[in-house]
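These notes are about the structure you will find just below.
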Amino acid sequence: MNTRILALISGRGSNLAAVVEAAHAQAWKAQWVGVISNRPQAAGLQWARDHGLHTQVLDHQAFETREAFDAALLQSCKALQPDLVVLAGFMRVLGEPFVRHFEGRLMNIHPSLLPAFPGLHTHRRALECGVKAAGATVHYVTPTLDHGPVIAQAVVPVRAGDDEQALAERVLQAEHRLLPLAVGWHVNGELALQSGVVHHRRGAPQVLFFNE
Ligand code: GAR
């Protein structure tokens, strides 16, 4: 049976594109049920439309409270009956009812080696700390921001002279490899969650190292 995938985005949608392209190239047993953005101007929406995906906008600014937005988002997502919801650059914190509803089938990508640097301005904070390695994490989502069982991580070097933009770009290239890998594993039933830890059933390495 096809896995019904729904993506939530807020911006340019380059991670979404990477996953859609991998799904196509590797002929995953999956179908896209939609792309929802909380920002009407998100560039990723146009990309999704151009590629024949169903899109929907749920502008968070149109809601009085966070809870009201969350409830509407939950309703819209449920209506599409997804098996998996991928947060591909979705920049809103999701409330507990939403997260609980999709527990175990809600994935997020964050541009740091979690649990370091959750939240905003990830790369700036990493550079301020003088870290020598940076990267990205794909994880199942729990109600805590940028937190939950880690599915896979990608590690990139921090180079002398890096500014926020240079580091973000290096990490983003790694994200485009990491997210399709993690989503593909989930779709293919390769992941098992035991005592809060995600294992790959056939023992594939859950860390990617980039040193270009
Ligand atoms: C990515 O770097 C993603 O990791 C980050 O937003 C960017 C979206 O880019 N997500 C978060 O910071 C979530 N906390 P994209 O729209 O080009 O995929």
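Just so you know, ligand 1 is whichever comes first in the structure, and atom 1 is the first atom listed for that ligand.
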In terms of residue, atom name and distance, what is the protein heavy atom nearest to [atom]?
{"atom": "atom 5 (C) of ligand 1", "value": "Pro111 CD, 3.8 Å"}
{"atom": "atom 8 (C) of ligand 1", "value": "Gly89 CA, 3.6 Å"}
{"atom": "atom 9 (O) of ligand 1", "value": "Arg12 NH2, 3.1 Å"}
{"atom": "atom 14 (N) of ligand 1", "value": "His110 ND1, 3.0 Å"}
{"atom": "atom 10 (N) of ligand 1", "value": "Ile109 O, 3.5 Å"}

Val35 and Ala48 have their tightest heavy-atom pair at CG2-CB, 3.9 Å
For Leu45 and Pro40, work out which heavy atoms get closest and say how close.
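Distance-wise, the nearest heavy atoms are CD1-O, 3.5 Å.
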Within the structure, is a non-hydrogen atom of Gly13 found at a distance of less than 4.0 Å from ligand 1?
yes
Contact with ligand 1 for Ile9, non-hydrogen, under 4.0 angstrom:
no
Asp146: numbered ligand 1 atoms lying under 4.0 Å from its heavy atoms:
14 (N)
Looking at Glu175, which atoms of ligand 1 are within less than 4.0 Å of one of its heavy atoms?
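Matching atoms, with element in brackets: 1 (C), 2 (O), 3 (C), 4 (O).
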Going by the rule salt bridge (charged side-chain N to carboxylate O under 4.0 Å, His left out), which residues pair with Asp162 if we only count those two or more places apart in sequence or in a different chain?
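Arg170.
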Do side-chain atoms of Arg125 reach the backbone of Ala116 as a donor and acceptor pair under 3.5 angstrom?
no
In terms of ring plane angle, is the pair Phe69 and Phe90 parallel, tilted or perpendicular, where the classes change at 30° and 60°?
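Parallel, since the angle between the ring planes stays under 30°.
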Which part of Leu87 is near ligand 1, with near meaning a heavy atom under 4.0 Å away: side chain, backbone, both or neither?
neither
Going through the distances and angles, do Asn15 and Leu172 end up as a side chain to side chain contact (heavy atoms under 4.5 Å, CB included)?
CA-CA 8 Å; Asn15 277 290; Leu172 189 66; 3.8 Å; yes
Going by side-chain hydrogen bond (donor to acceptor under 3.5 Å, both in side chains), name the residues that satisfy it together with Glu103, two or more places apart in sequence or in a different chain.
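Here the qualifying residues are Arg100.
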